[in-house]
Amino acid sequence: MTLLHVAILSPFLLAILIPFLYKFFRQIHTGWFVLVLPVILFTYFIQFIEDTMHGHTIHQTMEWIPSLGINFTAYIDGLGLLFALLISGIGALVVLYSIYYLSKDKEQLNTFYVYLLLFMGAMLGVVLSDNLIVLYTFWEITSLSSFLLIGYWYNREKSRYGAQKSMIITIFGGLLMLGGFIMLYIMTNTFSIREIISQVPQITDHPLFVPALILVLFGAFTKSAQFPFYIWLPDAMEAPTPVSAYLHSATMVKAGIYLVARFSPVFAGTPEWFWIVSSFGIFTMFWGSFNAVKQTDLKGILAFSTVSQLGMIMSMFGIGSAALVLDSIDNSYYTVATLAAIFHLINHATFKGSLFMVVGIIDHETGTRDIRKLGGLMSLMPITFTISIIGAFSMAGLPPFNGFLSKEMFFTSMIRVLEMDVFNIETIGLLFPIIAWVGSVFTFIYSMVLVFKTFTGKYQPEKLEKKPHEAPIGMLISPIILASLVIIFFFFPNILAYTIIEPAMASVIPALLGEEGHFHVHIYPWHGFTVELFMTIGVIALGVIGYLSLTKWRSVYGLFPKKLTLNKGYDAALIQLDKSSFRLTRFYMTGFIRDYLAYIFTFFILILGTSLALTGGFSFSLADTAPVGVYEAVLAIVMVIGTITVLFSKSRLTAIIALGSVGYSLSLFFVLFRAPDLALTQLCVETVSVALFLLCFYHLPEFKKKEKKLNFKLTNLIISLGVGTIVTLLALAANSQRVTETISTYFVENSYKLAGGKNMVNVILVDFRGFDTLFEITVLGIAALGIYGMIRLKVRKGEEG
């Protein structure tokens, strides 16, 4: 295991220690122990900037399942490094913030930090994995850990609901994404992303290419809250604010963005990728900003603003994919969209992270996030107000904040859509800049609502649960750092140009680079009097009018029928699914074992019989069959007689003895076939079974003799004859033909050579099937622990059950 693998797995390792640190150092906030790790990780990943700047990549492999091509290959390039720095850097600030936000006396900090570390490690695994299966494994761990974090306050119904919704939607998308990964493997015979990229020219015409593209985008859209899957994100705001600041501004919701960027070299340049990514992204941008304006909860505003900003980034990656068709290294006219997407991804993490922390401070110090109860806090919380101004104005795209720079580049990419002559963009291309501009107007309005409805206006102390005051300095450090970066990146944007942005662009659109090629990344605030500047002026003018007249036109939201929302559809679908499953279960769960056996055997006959018939499996040959001796024939007759006796005997004792004779006869077969160990095992089991049967039935009451006529059932006869026929034919067919060499030869030749054991059966169980045996023992151990826990469980007085 290399140091890079240790870095990825270190959050999981620390998570194991957290419960012990929490137990033995209760007087110290557990966050102080956790804070060290993301700081170390951030420092560690910074050292790779020099490598990625010069076009170098780092890939280190740790074998996992090499026979299937599944290895843990850690891979760092410009894109992976960008996300690793966001995950570790924002993670350190969030942990520092949570130390002051979460009380060590009131909260279960051990579970919180275990969940947070699981998420941090999973996100690092997602962005630094080259193997598709390893990436998918970490991807689903992010869904699981985010479910636990969102539902951290599990005693609240809304927290449980939000956690469940996020998990259902993101795991649904993850499963579809796995299907896309499998299709990519079928096309390329590799799980390595780098090797898949190298085979792109050979797979673009494959019939599975477009289905794989769509399934991968399902995973990206569900995770990054694109329309119509965005509905989980607003409900996820029930999580503690540090969780929202980490998951929903900088990391988890950007996993889908990462997926689109990572697979752009595979799918970009095709019309399907361009239209799906760009159109869904731009509509999500508008829809999120439009719905953010009507929210009255500060976190609700930020939730929909996050949806909008993610749609904005997604649309730019979609439009930037056209550069692979239109651009070259000497003509990077259309690469500006990809540049803007990466730059805004960084900017969004800074201003949105600071805003989430500000909202947490307001909630922490006032006891509410409802803007109808807030107002006049500017003089009481001046530092928080200043941070809010910086974050909100950057989100609105105003200078002198970094959001202005990436918003201008966003407008540039939308305008250049009008000049494209590919993918039939001429038909509805005009809608892109129009929707972008309208969405930006609503972005300006909700940004102003966020700040001025909270900090200006009338102070309403009677509506607040607490007397507001400025937050402690410890809670302000993290948002101050992020707000400072917002300003620094505006005045000195090119400190990111060739250190972070250009290497990330090289990962997203590597086909546009020559052997020594570089993208010319120059970011500066003033471009003269351009169309983009006039669009921004229009956004500000119309945005100010819209904000000041908000009460007059806000009633427009009432025109949308509340019963036809996506949330209502989701809830109705869950209710209907529950009802349908209940009806289906009630149909086949009759409570009678004979019915269950009838279902099982019917499917057994249909599926196995049909499969053997279609594949020509019923092939019989007695050429290599050993002759049946006298002893085998006698034992077979005894077993048949014993079986029939069990069915028709009227005495319990007779039935038990007859059943035992079948088992003892089977053990004699093992003796004849030179398997004394199996024979001894069978004899022991049969003796114990017969003794236990006799003991149990001895204490049962006698049968009351009662004449009862048994009804003849044709279905039972058909099923029994069908099962017997299929099993017999299967046994004969399996004995008559060999598709491959029997595995018994391998065990005969290698039991002593490889495992050092002369008893082949024991060697197979302990060595060759060691994991099976280990898992069986594990299951028994878990069951034993469960039983022990139930025995030790003491029911309190007054509790029922």
Side-chain angles (χ1 to χ4, degrees), residues 587-675 678-679 681-683 685-690 692-693 697 703 708-740 742-744:
F587 171 75
Y588 70 83
M589 292 295 289
T590 61
F592 296 102
I593 295 179
R594 64 173 178 269
D595 290 340
Y596 304 151
L597 292 176
Y599 301 147
I600 294 170
F601 289 145
T602 300
F603 279 99
F604 174 81
I605 296 168
L606 293 175
I607 295 174
L608 191 58
T610 304
S611 300
L612 290 173
L614 293 176
T615 57
F618 294 121
S619 176
F620 310 112
S621 174
L622 304 178
D624 298 327
T625 304
V628 178
V630 176
Y631 299 114
E632 288 94 333
V634 171
L635 286 175
I637 294 171
V638 170
M639 292 181 71
V640 171
I641 294 173
T643 303
I644 295 174
T645 303
V646 172
L647 294 175
F648 294 99
S649 64
K650 297 183 179 180
S651 169
R652 289 173 176 167
L653 183 60
T654 304
I656 294 170
I657 293 173
L659 185 62
S661 68
V662 175
Y664 286 121
S665 300
L666 180 61
S667 65
L668 291 177
F669 265 114
F670 290 141
V671 173
L672 293 176
F673 296 150
R674 299 178 182 179
L678 292 177
T681 303
Q682 178 67 25
L683 284 170
V685 171
E686 200 61 42
T687 301
V688 172
S689 300
V690 171
L692 288 175
F693 271 122
F697 281 101
F703 280 126
K708 184 177 180 181
K709 185 179 179 180
L710 294 176
N711 296 324
F712 173 76
K713 289 190 176 182
L714 181 61
T715 53
N716 290 353
L717 176 64
I718 295 173
I719 291 174
S720 59
L721 291 176
V723 172
T725 302
I726 291 294
V727 171
T728 303
L729 293 176
L730 182 63
L732 293 174
N735 187 60
S736 301
Q737 54 183 330
R738 299 287 185 189
V739 179
T740 58
T742 175
I743 197 172
S744 60

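To the nearest 0.5 angstrom, Leu666 atom CG is 5.0 Å from Met639 atom CE. To the nearest 0.5 angstrom, Leu721 atom CG is 10.5 Å from Asn716 atom CG. Rounding to the nearest 0.5 Å places CZ of Phe670 at 10.0 Å from CG of Leu683. A distance of 13.5 Å separates CG of Leu597 from CZ of Phe592, quoted to the nearest 0.5 Å. With rounding to the nearest 0.5 angstrom, the OG1 atom of Thr715 is 10.0 Å from the CZ atom of Arg594. Taking CG from Asp595 and CD1 from Ile600, the interatomic distance works out to 11.0 Å, rounded to the nearest 0.5 Å.
Across every non-hydrogen atom of Val671 and Ala679, the tightest pair is CG2-CB, 3.6 Å. Contact record, Ser661 with Gly642: OG-CA, 4.0 Å, taken as the closest heavy-atom pair. Of all heavy-atom pairs spanning Tyr599 and Phe587, the tightest one is OH-O, 4.0 Å. When every heavy atom of Gly660 is checked against every heavy atom of Val690, the shortest pair comes out as CA-CG2, 3.8 Å. Contact detail for Ala633 and Val628: the closest heavy-atom pair is N-CG1, 4.2 Å. Taking both residues in full, the closest heavy atoms of Ser667 and Gln682 are given as CB-CG, 3.6 Å, listed atom of the first, atom of the second, then distance.
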Open item on the list: Quick one, Val638 with Leu668, criterion side-chain contact (heavy atoms from CB on, under 4.5 Å). Give me CA distance, side-chain angles, the key distance, then yes/no.
Closed with: CA-CA 11 Å; Val638 170; Leu668 291 177; over 6 Å; no
TODO: Step by step, work out the side-chain contact (heavy atoms from CB on, under 4.5 Å) result for Phe601 and Ile726.
DONE: CA-CA 10 Å; Phe601 289 145; Ile726 291 294; over 6 Å; no
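Within a 6.0 Å radius of CD1 in Ile593, no more than 12 heavy atoms belonging to other residues, nucleotides or ligands are found. Within 6.0 Å of CZ on Phe693 lie no more than 12 heavy atoms contributed by other residues, nucleotides or ligands.
Between Val646 and Val662, the closest side-chain pair of non-hydrogen atoms is not below 4.5 Å. Using a 4.5 Å heavy-atom cutoff, the side chains of Leu729 and Leu612 are not in contact.
For the 3.5 Å distance criterion, the side chains of Tyr664 and Thr687 qualify, holding a donor opposite an acceptor.
Put simply, the side chain of Ser720 gets close to the backbone of Leu717: a donor and an acceptor are under 3.5 Å apart.
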